[in-house]
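Single-structure report; data block below.
Please read all numbers here as calculations on a predicted model, not as lab measurements. Throughout, protein chains are lettered first and strands after them, A, B, ... in sequence-line order, and every chain is numbered starting at 1.
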There are 2 protein chains.
Amino acid sequence: MELQEAKDKFIHTWGTLATQWGINRTMAQIHALLLLSPKAMNADEIMNDLQISRGNVNMNLRDLMDWGLIYKQLLAGERKEYFAAEKDIWKVARQIAKERRRREIEPIIEAMEDLKTSVKPDSVEKKEFLKIVEDISKVTTIADSTMTSIIKSEENWLINNLLNVFKK
Amino acid sequence: MELQEAKDKFIHTWGTLATQWGINRTMAQIHALLLLSPKAMNADEIMNDLQISRGNVNMNLRDLMDWGLIYKQLLAGERKEYFAAEKDIWKVARQIAKERRRREIEPIIEAMEDLKTSVKPDSVEKKEFLKIVEDISKVTTIADSTMTSIIKSEENWLINNLLNVFKK
DNA sequence: AAATACTTTCAGAAAATTTTGAAAATTCAA
DNA sequence: TTGAATTTTCAAAATTTTCTGAAAGTATTT
C-alpha cells in the first residue's frame with residue numbers, strides 16, 4: 001500500500017472508530033490528519049484535504065485545542081494560523097484519559113453527591129435507593145482515582161507495563 | 001426530596017450522562033429504571049414508566065442483555081418476560097469496562113495491525129508513518145492489558161483501592 | 001482610516017440516529 | 001391444530017447532531 005493510501009485509510013478508520021465512542025467524526029479525522037502531517041497545517045489545507053467547510057474546520061480545531069491534542073503555531077511571515085498535533089502518543093493518550101475523566105467520570109460523582117444530599121434516609125425504600133447511589137459513587141470514585149494515578153504517572157509506568165505486556 | 005422524585009431524577013440524569021459518552025439515552029434510562037426497581041419488570045411496565053414505544057423497549061432490552069447488564073427472568077405462571085438488572089455495582093462497572101474494552105480498544109489494535117502489515121518501510125516517510133501506527137498500537141495494547149487486569153481482578157482490588165482513596 | 005487577509009459565528013440545510021407503531025413472527029395453552 | 005398472548009422486526013417519522021457558507025468580526029498592512 002502506498003503512503004497516501006495508507007494515510008487516507010488511517011484517517012478514515014480513526015474517524016469511524018471515534019463515532020463509536022461518542023466523538024465527532026470530523027474532529028477525529030482532523031486530529032488524524034495533523035498527527036500524520038510532518039508540518040503544521042492551516043485551515044485551507046485541512047478544508048482541502050478532508051473536503052469540508054471552513055466553519056467545520058474552525059469549530060473542530062477549537063475543540064481539539066480544548067482537548068489539548070493540538071497546538072496553534074504562528075509561523076513567521078505568515079498571516080494564517082497553523083496547527084500541529086502533539087506527536088508523543090503517550091502524551092496524547094494521557095490527555096485523552098484526562099479529558100474523558102473530566103467529561104465522563106466527574107459528572108457522575110457530582111450527580112450522585114447531589115442525590116445523596118437531597119434524599120433523607122427516612123424509609124426502607126429510600127435507604128435502598130441511597131445504597132445504590134452510594135455504591136455508584138464509590139465505584140466511580142475508585143475509577144476516578146485509578147485514572148488520575150495513571151495520568152499522573154510518568155514514562156516509567158509505560159515501561160513497566162510494556163514489560164508486563166511482553167511477559168505474557 | 002421524595003423517593004419517586006429522586007428516582008426520576010436519577011433516571012433522567014443517567015440518560016443524559018450516557019449520551020455524552022456515546023450510549024443511547026433510552027438504553028441508559030431503562031438500565032437505571034431496572035437498577036432502581038426492587039422487582040423485575042416486563043415490557044409493558046417499562047413502556048408505561050418511561051413513556052416509550054414497545055419497539056424501543058424491546059430493542060434496548062436486547063442491547064442491555066448484550067452488554068451483560070440485565071437478565072431475563074421467567075416468572076412462574078407468567079407468560080410475559082421479566083427483566084432485572086445486575087445490582088452489584090462492582091460487577092456492573094466491570095461489565096461496562098469489559099464491553100468498552102471490546103468495543104473501543106480492540107478495534108483500534110486491529111486497525112493498527114492491519115496498517116502495519118500492509119505498508120512496507122521502504123521510504124523515510126513510510127517509516128515515519130509506521131512509527132506512529134506502532135506507537136498507537138503499543139499504547140493501546142497497554143491500555144488494553146491494564147483494563148483486562150482490572151476487569152479480572154476481584155473484590156480485593158476494590159478494597160485496596162478504597163483504602164487508597166481514603167488515604168489521600 | 002481604509003483595504004485586505006483571515007477567523008469566527010450561527011441560522012438553516014443535510015445527515016445521522018433514534019423512535020414509533022403496526023405487521024409479521026413466535027410461543028404457548030387449549 | 002387453532003388462536004390468543006407476547007415478542008420481534010423494520011419502514012417511515014421524529015429528533016438530534018453535524019455541517020455549510022455567507023455574513024460579521026478581528027487583526028494586520030498600507
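B:Met47 places its CE atom 11 Å from the P atom of C:dA22, with the value rounded to the nearest Å. Nucleotide C:dT7 holds its C1' atom 15 Å from the CD atom of A:Glu78, rounded to whole Å. With rounding to whole Å, B:Arg62 atom CZ is found 16 Å from C:dT18 atom C1'. Atom NZ in A:Lys72 sits roughly 10 Å away from atom C1' in C:dT8 (whole-Å rounding). Atom CD of A:Glu45 is separated from atom C1' of C:dC6 by 14 Å (rounded to the nearest Å). To the nearest angstrom, P of C:dT18 lies 13 Å from CD of B:Gln29. Counting to the nearest Å, the C1' atom of C:dA16 and the CE atom of A:Met27 are 18 Å from each other. We find that CG of A:Leu61 is positioned 15 Å from C1' of C:dT9, with the value rounded to whole Å.
Residue-level contact check: B:Thr19 touches neither bases nor backbone, having no heavy atom under 4.0 Å from any strand. As judged by a 4.0 angstrom heavy-atom cut-off over every strand, A:Asn24 is placed among residues touching the sugar-phosphate backbone only.
There is a side-chain donor-acceptor pair under 3.5 Å between B:Asn60 and B:Asn56.
Distances were taken from every side-chain heavy atom of A:Ile52 (C-beta onward) to each of C:dT7, D:dT6, D:dT20; the shortest belongs to D:dT20. Side chain of B:Lys80, nearest nucleotide from D:dT6, D:dT8, C:dC6: D:dT6.
A donor-acceptor pair under 3.5 Å links the side-chain atoms of B:Lys7 to the main chain of B:Leu36, judged by distance alone. Counting only distance, with no hydrogens or angles, the side chain of A:Thr146 and the backbone of A:Ile142 share a donor-acceptor pair below 3.5 Å.
For D:dC19, the OP1/OP2 oxygens have a side-chain nitrogen or oxygen of A:Thr26 closer than 4.0 Å. Between B:Asn58 and the phosphate of D:dT8, there is a side-chain N or O to OP1/OP2 separation shorter than 4.0 Å. At D:dT20, one or more side-chain N or O atoms of A:Asn56 fall inside 4.0 Å of OP1 or OP2 (strictly under the cut-off).
Under 4.0 Å is where a charged nitrogen must lie from a carboxylate oxygen, and between B:Glu78 and B:Lys39 no such pair does.
Under a cut-off of 6.0 angstrom, the local environment of NZ in B:Lys98 is sparse, with at most 12 non-hydrogen atoms contributed by other residues, nucleotides or ligands.
Comparing A:Gly55 and A:Arg25 along DNA chain C, the residue whose closest nucleotide (by nearest heavy atom) sits nearer the 5' end is A:Gly55.
Contact annotation: side chain of B:Arg79 to base of C:dT27, donor-acceptor pair present below 3.5 Å.
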